[in-house]
Amino acid sequence: MLKTVLEDAKGSRLEGISFGDVKADLHYTESKDTVCLLYYPEINEFQGQRTVQAVIES
């Protein structure tokens, strides 16, 4: 599992989570300044707090 913070060009941030190949994902993202992602939004509820997170598909 890879948990990350996504940030767009305007500085808006969103937590993201991926269940894929973590080593490959890290290698790809660390070698780029900008990446395109396929994701869907999900409500994450943990210890009574609800937040929106992006579930990264690829």
Side-chain angles (χ1 to χ4, degrees):
M1 179 183 79
L2 174 65
K3 188 155 182 138
T4 187
V5 175
L6 309 172
E7 183 175 354
D8 68 9
K10 295 180 181 179
S12 298
R13 292 183 175 191
L14 176 65
E15 288 187 2
I17 192 165
S18 173
F19 297 100
D21 184 348
V22 173
K23 286 184 182 180
D25 291 345
L26 284 173
H27 177 71
Y28 178 76
T29 56
E30 288 175 346
S31 66
K32 308 282 185 194
D33 289 331
T34 307
V35 295
C36 291
L37 299 173
L38 175 63
Y39 69 92
Y40 60 90
E42 178 179 85
I43 302 296
N44 179 29
E45 188 166 348
F46 183 70
Q47 295 183 347
Q49 286 191 315
R50 295 176 63 156
T51 59
V52 176
Q53 70 181 11
V55 179
I56 302 166
E57 292 287 317
S58 70

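At least one side-chain heavy atom of Ile56 sits less than 4.5 Å from a side-chain heavy atom of Thr4.
Environment of NZ in Lys23: sparse, with no more than 12 heavy atoms of neighbouring residues, nucleotides or ligands closer than 6.0 Å. Counting heavy atoms of neighbouring residues, nucleotides and ligands inside a 6.0 Å radius, atom CD of Gln49 does not exceed 12 of them.
In this structure, CD on Glu7 lies 4.5 Å from CZ on Arg13, to the nearest 0.5 angstrom. Expressed to the nearest 0.5 Å, how far OG1 of Thr34 lies from CG of Asp8 amounts to 11.0 Å. Between the OG1 atom in Thr51 and the CD atom in Glu45 there is a gap of 9.5 Å [rounded to 0.5 Å].
By the rule that hydrophobic residues join a cluster once side-chain heavy atoms approach within less than 4.5 Å of another member, Ile43 and Phe46 end up as members of separate clusters. Leu37 and Ile17 are not part of a single hydrophobic cluster, where members link through side-chain heavy atoms under 4.5 Å apart. One hydrophobic cluster holds both Tyr40 and Phe19 under the rule that ILVMFWY side chains link at heavy-atom gaps under 4.5 Å. By the criterion of side-chain heavy atoms lying less than 4.5 angstrom apart, applied directly or through intervening Ile, Leu, Val, Met, Phe, Trp or Tyr residues, Leu14 is not grouped with Val35; the two fall into different hydrophobic clusters.
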request  = Any chance you could lay out the side chain to side chain contact (heavy atoms under 4.5 Å, CB included) test for Asn44 and Val52, step after step, and finish with the verdict?
outcome  = CA-CA 6 Å; Asn44 179 29; Val52 176; over 6 Å; no
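Put simply, the side chain of Thr29 gets close to the backbone of Asp25: a donor and an acceptor are under 3.5 Å apart.
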